[in-house]
Amino acid sequence: MSLRSTAYPADIFFGKADKGEYLFQAPDFVRTEYRLDEYCSKLVDVHIQHKMEIHFLQVSSAEGPARITFSSAGRVLKVFNGNEFGMLLIIEYAKKRYTVWLPSAGMKLHFDQFQRLQCPEDAWVPWQWVVDSGIRLELLLSGIPGERAIVPYMLIEDNNAEYIEEIRLLQTVERDLYRKSDWFFANKPSDIWKYLINGSIYDPRGHKGMNKRYKCQQCAYTWWSYFGFLKMETGKKLYDTMQDVMAYSVLIDLSPHGEWRHGFWTDDMEIHARFQLDGIHLLISQYEKTGNSLWVKAAERAMGYVAEHLMDHFDDGSLWFLHDTT
């Protein structure tokens, strides 16, 4: 089968193919989805107070193998490469300077109807950022039905290049290994890109032949705490920003009824009390950090669900929290 080639004209960093669909809005945060065509879309999270955006580019090819190319008109001033962060750019566009973080995190995935991830055995997708006279992203797609390539990247308005140095130059404490059981590993901050997929934090495991990863509030709360620790130890602004990224991922995934659903151990989307309570802990912690009532209101909604569906009373009045429910 011949290889089809497509080059998208919209600027991958600064172009907007349409007005987009607002998925969530708060005073300091906006999530928008832009559709370039039926095969390509981009989820953009804008953290207004940090002047930072995270883009999740999604591309598929239902018509067979394809080479897909994106580009940007941003003028590259400096390029840094490193195993600890991927690629960093300082670029200039419309008289402003930006730090652009291009992590080594592109992968091919299948999403089921509940947004659980089905990862192929080889989840790596052939792709590369090419920086010469301009900036290009080149992807090779297999054309397997339902398979999507997802490539994340971060843009920060950064006239003084402060974030470049924070991401590029790591202290010893940022290189240490931090681990919890078999679901949290971090020996550099960029490991977050193994968990942060399309705006949500996913459990990294897909074991026991189940081949599905679910949105995990336990992982998100642990990453929130990890970034808080690194912020305290290093004083870097980056970690304050990343705590907000973790918090909004959990807030947006919370249902109107107050629950997060998982569906790892069964095909049904059961709810696990441990993850539910970790999500509540994160929301309360974010409220304590910011003083914004948005977070405590969400925590109250989530705790209301626990009280109604995940909690029972013994005769002596003590509480019993159920392990899970469907």
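Residues Trp224 and Gln286 meet the side-chain proximity criterion, which asks for heavy atoms closer than 4.5 Å. Val46 is listed as a side-chain neighbour of Ile48, based on a closest heavy-atom distance under 4.5 Å. Two residues are said to be in side-chain contact when any heavy atoms from C-beta on lie closer than 4.5 Å; Cys219 and Tyr202 fail this criterion. Side-chain atoms of Thr234 and Glu174, non-hydrogen and from C-beta on, do get closer than 4.5 Å to each other. Two residues are said to be in side-chain contact when any heavy atoms from C-beta on lie closer than 4.5 Å; Trp129 and Arg136 fail this criterion. A heavy-atom distance below 4.5 Å is not found between the side chains of Tyr34 and His55. In this structure, Tyr22 and Val30 have side chains that are in contact, with non-hydrogen atoms separated by less than 4.5 Å. Considering only heavy atoms from C-beta on, Pro126 stays 4.5 Å or farther from Leu141 through its side chain.
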Exercise for review: Show the numbers, then the answer: is there a side-chain contact (heavy atoms from CB on, under 4.5 Å) between Lys42 and Gln58?
Suggested key: CA-CA 6 Å; Lys42 185 165 62 171; Gln58 298 184 57; over 6 Å; no
**Study point:** Worked check of ring-ring contact (aromatic ring centres under 6.0 Å, His included) between Tyr305 and His257
**Key:** CA-CA 7 Å; Tyr305 190 91; His257 302 292; 8.0 Å; no
**Study point:** Residues Ile197, Met107; criterion side-chain contact (heavy atoms from CB on, under 4.5 Å); working and verdict
**Key:** CA-CA 10 Å; Ile197 299 170; Met107 62 182 71; 4.1 Å; yes
Practice item. Could you walk me through whether Glu233 and Lys231 pass salt bridge (charged side-chain N to carboxylate O under 4.0 Å, His left out), step by step? Key: CA-CA 6 Å; Glu233 292 293 310; Lys231 176 187 172 186; over 6 Å; no
Practice item. Take Val100 and Leu88 through the test side-chain contact (heavy atoms from CB on, under 4.5 Å) and record every step on the way to the result. Key: CA-CA 6 Å; Val100 181; Leu88 290 167; over 6 Å; no
Check your understanding: Given the rule in the side-chain contact (heavy atoms from CB on, under 4.5 Å) test, do Leu169 and Phe80 qualify, once you have shown the distances and angles that lead to the verdict?
Key -> CA-CA 11 Å; Leu169 302 176; Phe80 302 93; over 6 Å; no
Practice item. Test salt bridge (charged side-chain N to carboxylate O under 4.0 Å, His left out) on Asp203 and Arg213 and set out the steps. Key: CA-CA 6 Å; Asp203 188 291; Arg213 294 173 60 187; over 6 Å; no
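Here the shortest heavy-atom pairing between Gly74 and Asp11 reads N-OD2, 4.3 Å. When all heavy atoms of Gly134 and Val76 are compared, the closest pair comes out as O-CG2, 4.5 Å. Between Ile284 and Ala299, the shortest heavy-atom contact is CG1-CB, 3.8 Å. Between Pro152 and Pro103, the shortest heavy-atom contact is O-CD, 3.5 Å. What you find for Ala247 and Leu282 is that their closest heavy atoms are CA-CD2, 3.5 Å. The shortest heavy-atom contact between Ser249 and Ser200 is CB-CA, 4.2 Å.
Note: the hydrophobic cluster containing Phe85 does not contain Leu177 (ILVMFWY, side chain heavy atoms under 4.5 Å, direct or indirect links). In the hydrophobic clustering of this structure, Ile135 does not group with Val130; members are Ile, Leu, Val, Met, Phe, Trp, Tyr whose side-chain heavy atoms approach within less than 4.5 Å, directly or through other members. Transitive grouping of hydrophobic side chains (ILVMFWY, heavy atoms separated by less than 4.5 Å) brings Trp183 and Ile192 into a common cluster.
Side-chain N/O atoms of Arg67 and Thr69 include no donor and acceptor closer than 3.5 Å. Under 3.5 Å, the side chains of Asp28 and Tyr248 contain a donor-acceptor pair of N or O atoms. A donor atom on one side chain and an acceptor atom on the other are found under 3.5 Å apart for Gln217 and His262. Counted by atom type alone, Gln49 and His47 present zero donor-acceptor pairs between their side chains at under 3.5 Å. Between the side chains of Glu147 and Ser142, at least one donor N or O lies within less than 3.5 Å of an accepting N or O. Glu138 and Trp127 share no side-chain donor-acceptor pair at under 3.5 Å.
Electrostatic pairing of Lys188 and Glu84 does not count as a salt bridge here, judged by no charged N lying under 4.0 Å from a carboxylate O. We find that Glu33 and Arg35 are joined by a salt bridge, their nearest charged nitrogen and carboxylate oxygen being less than 4.0 Å apart. In summary, Asp158 and Arg97 do not engage in a salt bridge, as defined by a charged side-chain N under 4.0 Å from a carboxylate O.
No close placement of the Tyr93 and Phe13 rings is indicated, their centers lying 6.0 Å or farther apart. Outside the 6.0 Å centre-distance limit, the rings of Trp101 and Tyr163 are not counted as a close aromatic pair. Ring centroids of Tyr239 and Phe229 are separated by 6.0 Å or more, keeping the two rings apart. Ring to ring, Phe56 and Tyr153 are not that close: their centroids are 6.0 angstrom or more apart.
Around CZ of Arg168, the count of heavy atoms belonging to other residues, nucleotides or ligands within 6.0 Å exceeds 12. Other residues, nucleotides and ligands contribute over 12 non-hydrogen atoms within 6.0 Å of the CG atom of Asp37. Crowding of Glu308 atom CD: a count of heavy atoms from other residues, nucleotides or ligands under 6.0 Å not exceeding 12. The environment of NZ in Lys51 is sparse: at most 12 heavy-atom neighbours from other residues, nucleotides or ligands sit within 6.0 Å. The environment of Tyr287 atom OH is sparse: at most 12 non-hydrogen atoms of other residues, nucleotides or ligands sit within 6.0 angstrom.
Checking side-chain atoms of Asn160 against main-chain N and O of Glu162 turns up no donor-acceptor pair under 3.5 Å. Between the side chain of Arg301 and the backbone N or O of Ser255 there is at least one donor-acceptor pair closer than 3.5 Å. Looking only at distances, no side-chain donor or acceptor of Gln276 sits under 3.5 Å from a matching main-chain atom of Val306.
Note that the CD1 atom of Ile164 and the OG1 atom of Thr99 stand 4.0 Å from one another [nearest 0.5 Å]. Taking CD1 from Ile90 and CD1 from Ile156, the interatomic distance works out to 11.5 Å, rounded to the nearest 0.5 Å. Here the straight-line distance linking atom CG of Asp278 with atom CG of Leu283 works out to 11.0 Å at 0.5 Å rounding. Summarising the geometry, atom CZ belonging to Phe227 is positioned 11.5 Å from atom OG1 belonging to Thr222; distances are rounded to the nearest 0.5 Å. A distance of 11.0 Å separates SG in Cys216 from CG in Asp253, rounded to the nearest 0.5 Å. Here the straight-line distance linking atom CG of Leu170 with atom CD of Glu165 works out to 11.0 Å at 0.5 Å rounding.
Using cut-offs of 30° and 60° on the angle between ring planes, the pair Tyr195 and Trp223 is perpendicular. The aromatic rings of Tyr8 and Phe70 sit parallel, their planes meeting at an angle under 30°, below the 60° perpendicular limit.
Put simply, the residue from His50, Lys237, Met154 that forms a side chain to side chain contact (heavy atoms under 4.5 Å, CB included) with Met242 is Met154.
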